[in-house]
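Some notes on the structure that comes next.
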Number of protein chains: 2
Amino acid sequence: MSSIYNFCAGPGMLPPEVIEHLREDMLHWGNTGCGLLEVSHRTSAYADLKAHTEANLLKLFGLDDQYTILLLQGGASAQFAMLPYNCLREGASADYLVRGYWAEKAAQQAARVARIRRLHDLRDGWRNDAVYAHVTTNETISGTALPENFTKPDVPLCADMSSDILARPRQYRDYVFFYAGAQKNLGVAGLAIVVAEKEFLSKARRNLPAAFCYLEHAKANGLYHTPNTFAVAALRHVTDWLLATGIETVWAQNQRKAEKLYAELDASSFWRPIAPHNERSITNVTFRLPSAELETRFLVEASHQGLLALKGHRSAGGIRVSLYNAMPESGVDKLIAFMREFNQIHG
Amino acid sequence: MSSIYNFCAGPGMLPPEVIEHLREDMLHWGNTGCGLLEVSHRTSAYADLKAHTEANLLKLFGLDDQYTILLLQGGASAQFAMLPYNCLREGASADYLVRGYWAEKAAQQAARVARIRRLHDLRDGWRNDAVYAHVTTNETISGTALPENFTKPDVPLCADMSSDILARPRQYRDYVFFYAGAQKNLGVAGLAIVVAEKEFLSKARRNLPAAFCYLEHAKANGLYHTPNTFAVAALRHVTDWLLATGIETVWAQNQRKAEKLYAELDASSFWRPIAPHNERSITNVTFRLPSAELETRFLVEASHQGLLALKGHRSAGGIRVSLYNAMPESGVDKLIAFMREFNQIHG
């Protein structure tokens, strides 16, 4: 396995020790006498796991108990609908900054349940009477990121952070509500991490169907329905690993990985980077080759060398290199060596 | 592990070979070059897994392609809301047979989005103008089951089968829509199996928020959001195991397990079975002891012998023995031996 690198945009690569912990948990989980998959979510073992994991997350976000964490199902996509359904009452409206595929998805779903306004450019200005403003911090398909210092609104700020959550230090307290699917930087598919300021959440709607209702999930302490216990255990191991490594160390490594790769792309006109310079993502690097034939050849030859899942999203084509936290720097080095060779032969 | 038996009501025991397959999948999954947890849901490997698993299920249910399977998140509890939200249009109404805790939960959630009528006794009669009728085939908390030959309605029949799905042969084609959380008889937490007759589903509402909309999930072929790929792999292994064993063999074993245990309960007045004779569940056997003190002692001593998770639901108290498909007959034999000893000392 050591020479195989998986550049998938999600589900993504996991730290090998996380997989080993999970395999061990499946045989013997703590002092439960059972394997992880067979333990009830009503046990103290699960309560401890959940408390430990949520404490890890708050520590990593630099947040205190003014925030609450909900570990839900349905991925970030379910939050596209749940956020406006829960937080926009009759007649109320929200601003959505739409500068990519996923931001548009969020806006589309919100528009099915409430009134929203789309902003395509921050220069258009946020409204002051919106209930909240919504941004997407990183767009996996175009490989573009919202600059950290973008103009914040005066109203509560919400964000889909699915593809760069905990990939970098961030002023998480600038946001009253943010969410992410776990399967990129935080574990495995089937879990959404929702982080909400308690005061913002307290104004949400009640008496919705419980499965769609944040306040019901909060009231039930995450046990309204049987949680995805396996994904929570994965999240625990990933956050343990992040805390042990240190978010600054991870961030420094993520910067090095992205900078190396962008430097390579900029060094030859053979490569055609897709994202504008000032919006380049550190987690998803996208580029094209001179022809579709060369792109196909690139993908096939890369996979023969153990460089996997480099194909761009079906809506964008080209090459996409996803560099989540678990991708080691050696993976990028190997990719760059392959790219140089490929360029020499076909350039 | 061989002498430990986990009688949890869910997540429940898994066949040991299923756990071994999953542990292996996590290292090397098919010819993907990656572990199961790191493979994209957009690969042919996942498409094959999904197709194989759904074909397994249809075969086990004895259904053909007039039915479709949706592998969703949010457990059966999310279906409590989604079924009426999707299938009851403005002004339409459904009948809910309510004879236990989970049936009442389903009815409560339906009442938040639509008009329903509760039936507490089948002698009250189903309505002919309901859009559908809903039943709960087995109640895990009381340990009661709906007899297989109950009076069916003349309108489309829907069911929550979470706790006895594929525990027995059944005329699944009597139902136009049925669903179950996977974590009892079909795998791990974080997955709901929804089976719908295509014609029934075709009348459902469109343009709902996609995450809550059956027709959107069907249109996206289960990929509207990143599916719980691990739970689908678990379901695949469980259904492979069920097909290899044979549902008639599993059913015969399930009957023997339940009959032995009920015979033991009926043999001494020390035990106080909770469910009425003619409604006894084969998957969840519930009883009380002469005092709460004895019940506590029973649970502690049982767990010392490796007989785990026998505590009744918090709302019911007493003892609950869950006998899902993966519980071997030897587990019941060991439990009965312990019960005899306990009765001799404390009876």
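Below, chains carry the letters A, B, ... as their sequence lines are ordered, and counting in each starts from 1. Atoms considered below: every heavy atom in the structure, side chains included; atoms not considered: hydrogens, waters and symmetry mates.
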Around atom NZ of B:Lys50, are there more than 12 heavy atoms of other residues, nucleotides or ligands at under 6.0 Å?
yes
Selection from B:Thr226, B:Leu191, B:Leu72 maximising heavy-atom pairs under 4.5 Å formed with chain A:
B:Thr226
Residue B:Leu208 versus chain A: region with a heavy atom under 4.5 Å:
backbone
Sort out for me which of A:Gln108, A:Met82, A:Glu216 touches chain B most, counting heavy-atom pairs under 4.5 Å.
A:Glu216
Within this structure, what is the SG-CZ distance for the pair B:Cys213 and A:Arg112, rounded to the nearest 0.5 Å?
7.0 Å
Pairwise side-chain contact, B:Leu37 with A:Phe230, heavy-atom cut-off 4.5 Å (strictly under):
yes
A:Ala210 versus chain B, heavy atoms under 4.5 Å apart: side chain, backbone, both or neither?
both
Could you report the tightest heavy-atom contact between B:Ala78 and A:Ala211, atom names first, then the distance?
CA-CB, 3.6 Å
Contacting moiety of B:Val113, where chain A heavy atoms sit under 4.5 Å:
side chain
Heavy-atom distance under 4.5 Å to chain B: side chain of A:Thr32, backbone, both or neither?
backbone
Given heavy-atom pairs under 4.5 angstrom as the criterion, report whether the side chain, backbone, both or neither of B:Phe80 touches chain A.
side chain
Output the option from B:Gly74, B:Ala81, B:Ser77 having the highest count of non-hydrogen pairs under 4.5 Å with chain A.
B:Gly74
Let me confirm one number: the SG-NE2 distance from A:Cys8 to B:His41, rounded to the nearest 0.5 Å.
8.0 Å
Considering only heavy atoms, which portion of A:Tyr224 lies under 4.5 Å from any heavy atom of chain B: side chain, backbone, both, or neither?
both
Nearest heavy atoms of A:Pro11 and B:Ser40, plus distance in Å:
CD-CA, 3.7 Å
Look at the side chain of A:Asn6 and the backbone N and O of B:Glu38, then say whether any donor-acceptor pair between them is shorter than 3.5 Å.
yes
NZ/NE/NH1/NH2 to OD/OE distance under 4.0 Å, A:Arg23 and B:Glu20:
no
For the student: nearest non-hydrogen atoms of A:Ala189 and B:Asn228, plus distance:
O-OD1, 3.8 Å
Out of curiosity, B:His225 NE2 to A:Gln183 CD, how far, rounded to the nearest 0.5 Å?
10.5 Å
Heavy-atom contact with chain B under 4.5 Å, split by part of A:Val39
backbone
Flag the pair A:Arg42 / B:Arg314 as yes when at least one side-chain heavy-atom distance between them is below 4.5 Å, and no otherwise.
yes
SG on B:Cys34 to CD1 on A:Ile4, rounded to 0.5 Å
6.5 Å
Sort by residue number and list every residue of residues 12-19 of chain B having at least one heavy atom under 4.5 Å from chain A.
B:Gly12, B:Met13, B:Leu14, B:Ile19
